[in-house]
Amino acid sequence: MLCVVDVVILCAATLSPALGTVISRQKHSLPDLTYDYGALEPHISAEIMQLHHSKHHATYVNNLNVAEDKYKEALAKGDVTAQVSLQPALRFNGGGHINHSIFWTNLSPNGGGEPTGELAAAIKRDFGSFQAMQDKMSAATVAVQGSGWGWLGLEKETGMLRITACPNQDPLQGTTGLVPLLGIDVWEHAYYLQYKNVRPDYVKAIWNIINWENVSERFQSAKK
């Protein structure tokens, strides 16, 4: 799973190509799910979940480990050209690993409904109502051109909740500064086998399995 050390290494690799010291790190690994592949049906099929987790996410993890090994070698050699050339692979595969590690925990077979407590109050404060937030996030997510993610994030400087979208596998915090609370994956591999090209139906369905307890925990942690 993604750990603090991993995040530091990824950030160092992404933001400091000229870093002159080699940092020891742990290998990234595919996180286990807390539910079976079929547990999110009928909203997300077991086939999609199996392929999405064990194939797509696993590929990001494997490629990230390879890219970081190469980056470590480049750092040791002082090869800045190689360090720069590895940035796209680190951003794409590192983002894929970060995003999916959040996504799996944002979903639950016991999910759906609405959040409660401080998160519910913050949503009402910043969007007017839960329904208004849901509509706005759904619209932003459906509107992603090509592949990407829709996000609900926290702007730490103001304490406000924000909705935005990121292309490809760009990680929310690393590219916008927003702390990710809830992400919706709209790469076609996340829904096409079941929903074909009708992305709005997938986005509508996924609200039935959102793990608001997890989102609330992320909100509380992000405020600290």
Side-chain angles (χ1 to χ4, degrees), residues 1-2 28-67 88-115 131 133-153 163-172 175 180-215 218:
M1 295 182 66
L2 203 65
H28 302 282
S29 60
L30 183 68
D32 294 329
L33 299 183
T34 59
Y35 44 82
D36 295 334
Y37 286 140
L40 303 181
E41 291 186 338
H43 309 293
I44 301 179
S45 71
E47 183 181 16
I48 287 176
M49 288 298 298
Q50 191 273 330
L51 290 170
H52 198 173
H53 178 257
S54 70
K55 302 298 183 182
H56 290 279
H57 190 174
T59 297
Y60 296 128
V61 171
N62 293 336
N63 289 342
L64 177 59
N65 283 323
V66 170
L90 289 166
R91 181 185 184 117
F92 181 76
N93 293 293
H97 183 33
I98 291 170
N99 293 342
H100 285 88
S101 295
I102 295 169
F103 184 60
W104 307 132
T105 64
N106 278 168
L107 304 178
S108 169
N110 300 314
E114 300 185 14
Q131 188 63 54
M133 182 281 294
Q134 187 181 63
D135 291 345
K136 184 174 182 179
M137 186 169 176
S138 293
T141 304
V142 170
V144 170
Q145 294 185 347
S147 300
W149 293 73
W151 289 101
L152 173 68
I163 288 171
T164 190
C166 292
N168 302 314
Q169 292 296 352
D170 285 3
L172 182 67
T175 55
L181 305 180
L182 171 62
I184 299 178
D185 186 351
V186 286
W187 278 68
E188 286 190 343
H189 62 241
Y191 64 89
Y192 200 87
L193 288 176
Q194 185 173 358
Y195 293 93
K196 304 301 185 282
N197 64 323
V198 190
R199 182 187 286 178
D201 285 356
Y202 158 71
V203 172
K204 181 179 180 181
I206 206 169
W207 291 104
N208 293 302
I209 48 174
I210 297 299
N211 184 352
W212 288 113
E213 181 178 349
N214 177 263
V215 180
R218 291 181 179 279

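Bear in mind the structure is a predicted one, so any value in this text is a computation, not a measurement.
- In this structure, a donor-acceptor pair under 3.5 Å is absent between the side chains of Glu47 and Gln50.
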Run Asn211 and Asn106 through side-chain hydrogen bond (donor to acceptor under 3.5 Å, both in side chains) and show every step you take. CA-CA 5 Å; Asn211 184 352; Asn106 278 168; over 6 Å; no
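- Between Asn99 and Pro171 there is a side-chain heavy-atom pair separated by less than 4.5 Å.
- Between Tyr60 and Leu64 there is no side-chain heavy-atom pair separated by less than 4.5 Å.
- The side-chain heavy atoms of Trp212 and Leu182, taken from C-beta on, include a pair separated by under 4.5 Å.
- Residues Trp149 and Ile184 fail the side-chain proximity criterion, which asks for heavy atoms closer than 4.5 Å.
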Please step through side-chain hydrogen bond (donor to acceptor under 3.5 Å, both in side chains) for the pair Trp151 and Thr141, ending with a clear verdict. CA-CA 8 Å; Trp151 289 101; Thr141 304; over 6 Å; no
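- Using a 4.5 Å heavy-atom cutoff, the side chains of Tyr192 and Trp187 are not in contact.
- Using a 4.5 Å cut-off on side-chain heavy atoms (C-beta onward), Asn62 and Asn93 make no contact.
- Of the candidates His189, His97, His52, His28, His97 is the only one forming a ring-ring contact (aromatic ring centres under 6.0 Å, His included) with His57.
- For the pair Trp104/Met49, a side-chain contact is recorded, criterion being any heavy-atom separation below 4.5 Å from C-beta on.
- Atom CD of Gln194 sits in a crowded spot, with more than 12 heavy atoms from other residues, nucleotides or ligands closer than 6.0 Å.
- Expressed to the nearest 0.5 Å, how far OH of Tyr35 lies from CG of Asn110 amounts to 11.5 Å.
- For Arg199 (side chain) and Glu188 (main-chain N/O), no donor-acceptor pair under 3.5 Å exists by modelled atom type.
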Step by step, work out the side-chain hydrogen bond (donor to acceptor under 3.5 Å, both in side chains) result for His53 and Tyr37. CA-CA 9 Å; His53 178 257; Tyr37 286 140; 2.9 Å; yes
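- If you check the side chains of Arg91 and Thr175, you find no donor sitting under 3.5 Å from an acceptor.
- What you find for Gly38 and Ala46 is that their closest heavy atoms are CA-CB, 3.6 Å.
- Considering only heavy atoms from C-beta on, Ile206 stays 4.5 Å or farther from His43 through its side chain.
- Scanning all heavy atoms of the two residues, the minimum distance from Pro180 to Ile102 falls at CG-CD1, 3.6 Å.
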